[in-house]
Amino acid sequence: MSIINLPAIDSSIDRLVEIERQKSNTNYEKAKRRNLAANVLLWGSAALTLGILLYILGFILYRGFRSDNIIESDFIDSSGISVPLDWHDGDSVLIVNDKTRLKEINLRDLESLLNGKPDNWGNINSQDLDVLPYMLSSAKGEFGKNTTYRESPSEIVSSVASQPGALGLIPASFLSLTENKDINIIPVKMLSVGVNPSVLEIENNIKLRYIDRKILRKILRGELTNWQEAAGRDMPVRLVLPPPGSFEWDALIEIAGVSSEELAQSAVGTSSFDEFYSKINSTPGAFGMIRNDRAEENNIKLLSYRYRQTGANLQWWFLFEEPKRAGRVGGISTIVLNTIYMVLLTVLFSTPIGIGAAVYLTEYAKQGTLVKMLRLGTETLAGIPSIIFGLFGFIVFVGAMHMGIGLLSGTLTLTLMILPTIIRTSEEAIKGVPRSFSAGSLALGAGKWQTIYKVVLPAAAPGILTGVILAIGRAVGETAALLFTMGFDYRAVKNLSTSARVLSTHLYQLVKEGISFDRAFATATILIFIVLFVNLVSTRLIKRKY
Amino acid sequence: MRSKLSIKELDFYYGDFKALHKVSMEIEPNKVTALIGPSGCGKSTLLKTLNRMNDLVAGSVVDGTVLYDGDDIYGKYDIIQLRKKIGMVFQSPNPFAMSIYDNIAYGPRIHGIKNKKVLDRIVEKSLRQAAIWEEIKNRLKGPALGLSGGQQQRLCIARVLAVEPDVILMDEPTSALDPVSTSRIEDLIDELKKEYTIIIVTHNMQQAGRISDSTAFFLNGYLEEMGATEKIFFNPDSKKTEDYISGKFG
Ligand SMILES: Nc1ncnc2c1ncn2[C@@H]1O[C@H](COP(=O)(O)OP(=O)(O)OP(=O)(O)O)[C@@H](O)[C@H]1O
Ligand SMILES: [Mg+2]
């Protein structure tokens, strides 16, 4: 029994209420489903973003620390320690001083080093060192001017051990007698893929450009019988075998990974090198593994070999060596130094001005139209593309103010660029300081400036610092604004008007001039670590505050 | 006895709004004067006219005189000297984002004291006076904002004491504190009145009864009644005062 007696006319409304309630129950189910869908969407996009971020960062760091390149070369990626060179009787071994960063070398590079062209390691391993070859005196006169001849292998070993950049060839038989920590034994790549000229002819717009290890092995084992299967023309593959027992023979067996009986059935055997080379040149579709230095004299056409080369990329030396030859050689020490100068100067210029402006805007200026316009102005400036700042810096600082392209023009341009950020974040930080702080200070008899300087700014410091760090992050990575204002000299700056290359512009040059992706990624990695370091240090600083 | 502060026919305006109407009162030295009254009646406003903190409010106008030891504080009085002499403790503790030591040394430093030994002495003395020395003497270099609310408020009192004031204004100093901290501050006030003149705003009738010597009751910007605390509490002249004290409104 209801206590309140509603008029009868309302019962229809009651029914309506009942119906709506029921509906709302099904609505509830619908809402639940919608909720789920929204959740899935949100989580999905969050996971996607995170995934992409990690992928990018991971990719850059991976390429920074590991060089991983596809190489097309005349040489097969298999090398031997003892190599049958004509300069000695029997096999030879290449030794270099262990200050020389070298893991392996190919025969052509080795020959040019021994001939004294180039006389610097730069082109071989991007190390700025003089090449100092040592040979046995039995080879006297065969090599370049800078080669020194020694009577015995042990003299070569001790000479090589004592000079960075030294290399020498000693008989392999002597090696077991040598134990010296200051020398490294370097494997030499000697073999190339020689083919009959017919293999390289164009047919139906198709020309065989290269083979890789997989194809090479298939050919050796007889699993690939037509060049078509290796993306070449329609022509049977004829494997020509070197004389059994030769260096080439042993290498071939090793690469094939099978015993000599299991080599390709159709293989053509030879008993002498003359026969070997002439068979390759006379048999259509012929293929043979030959020593690179014999190709020219025997008129053999070489086929490119493609392989993946991996190894360590970024190492400590890269940070501490001076760059040479536009960054092809050496490390990036001076560039890191220039970057640090640039950041310090930019912070020096922009922080006082930025904080001063923020203090003026929040504490002194009458909050009216003028301040609103100023604020709009700074916000607009913050959104302008940096290249336009660069253009402005070029016209005003470099040109009109006669500062020239250099550190000062560059940092002033950067200062203009990051000032809006610093002003905005400092303003927010100052506004975030409780009014009770300044009230407390003023009530103790402090003046307005004293209060701002001693109470408000220190309390706002973490926020201001965050802004400055954001700005440093931008400055460190900025390229466009520096292109026309700071220059590209990779030596350490001497004064404010020296042209200076920094990490970002170095990266730009490395990629633009196609110098080296490995170096570009190594530089990028350093850049990332600098930003990370700045962030870490600053969070420490912020935490130490009260 | 001569008044420490004498307020004569004081009008105060926030722009067009008149917050105080012809308030006149005498504050005796070395006494605790409590200001009571319902919210919005102008207690804080009156307090802030005494150290001229109201000057900071844009559009505020003061009319009338406030004499401090016989000098008109709205005349040629140096505002820094005034605030040094008449210190203020705020409703919620507001230590600066600095160490405990620097908080206390802040006042003396801005008034020109640089000598480390002198500062050390002042810091210790002020903290002792504020009855907090024993608790925090080992963490003077620690952050002030790491203290409890009650400790923070006593720190703020010590900070005021460090500039050697004459009068201390307190605007509801215990409203944000727990009962234990509150009673410690009340004990402290009792101790301090030997050396200082104290004016305290409070919403807590028992507190006013416990610690004050005289009480002023405000209503709608008017000083309704002022007198010895016992008289105001047990035998007020005004009916409104009686109603307020007995909790009929407010
Ligand atoms: N800055 C200001 N601008 C304008 N009006 C103000 C300002 N500060 C206070 N008022 C007004 O003046 C009147 C008195 O305020 P006051 O802060 O002195 O009251 P109170 O007695 O301290 O109240 P409470 O007990 O709530 O603290 C109130 O009506 C308030 O709205
Ligand atoms: Mg108040």
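Order of the sequence lines sets the chain letters (A, B, ...), proteins ahead of strands, with each chain counted from 1.
For the atom pair CD1 (B:Ile110) and OG (A:Ser441), the distance works out to 5.5 Å, reported to the nearest 0.5 Å.
Counting heavy atoms from C-beta outward, A:Ser436 and B:Phe90 have side chains that stay 4.5 Å or more apart. No side-chain heavy atom of B:Arg83 sits less than 4.5 Å from a side-chain heavy atom of A:Leu444.
No more than 12 heavy atoms of other residues, nucleotides or ligands sit less than 6.0 Å from atom OH of A:Tyr453. Under a cut-off of 6.0 angstrom, the local environment of OH in B:Tyr14 is crowded, with over 12 non-hydrogen atoms contributed by other residues, nucleotides or ligands. A 6.0 Å sphere centred on NZ of B:Lys193 holds more than 12 heavy atoms belonging to other residues, nucleotides or ligands. Dense packing is recorded around CD of A:Glu428, with more than 12 heavy atoms of other residues, nucleotides or ligands lying under 6.0 Å away. By the 6.0 Å contact criterion, CZ on A:Arg435 is open, its count of non-hydrogen atoms from other residues, nucleotides or ligands being 12 or less. Annotation for B:Asp16: atom CG does not count as buried by contact number, only 12 or fewer foreign heavy atoms lying within 6.0 Å.
With a threshold of 4.5 angstrom between heavy atoms, B:Pro95 approaches chain A through N, CA, C or O but not through any side-chain atom. Proximity to chain A (any heavy atom under 4.5 Å) is restricted, for B:Leu56, to the side chain, taken from C-beta onward. Looking at B:Arg52, there are no atoms closer than 4.5 Å to chain A (heavy atoms on both sides), in backbone or side chain.
Not counting sequence neighbours, the partners of A:Ile52 by the side chain to side chain contact (heavy atoms under 4.5 Å, CB included) test are A:Leu48, A:Ile56.
No donor-acceptor pair closer than 3.5 Å links the side chain of B:His111 to the backbone N or O of A:Ala446.
When all heavy atoms of A:Lys454 and B:Tyr106 are compared, the closest pair comes out as CB-CE1, 3.7 Å. Nearest heavy atom pair, residue B:Phe96 against residue A:Phe437, reads CE2-O, 3.1 Å.
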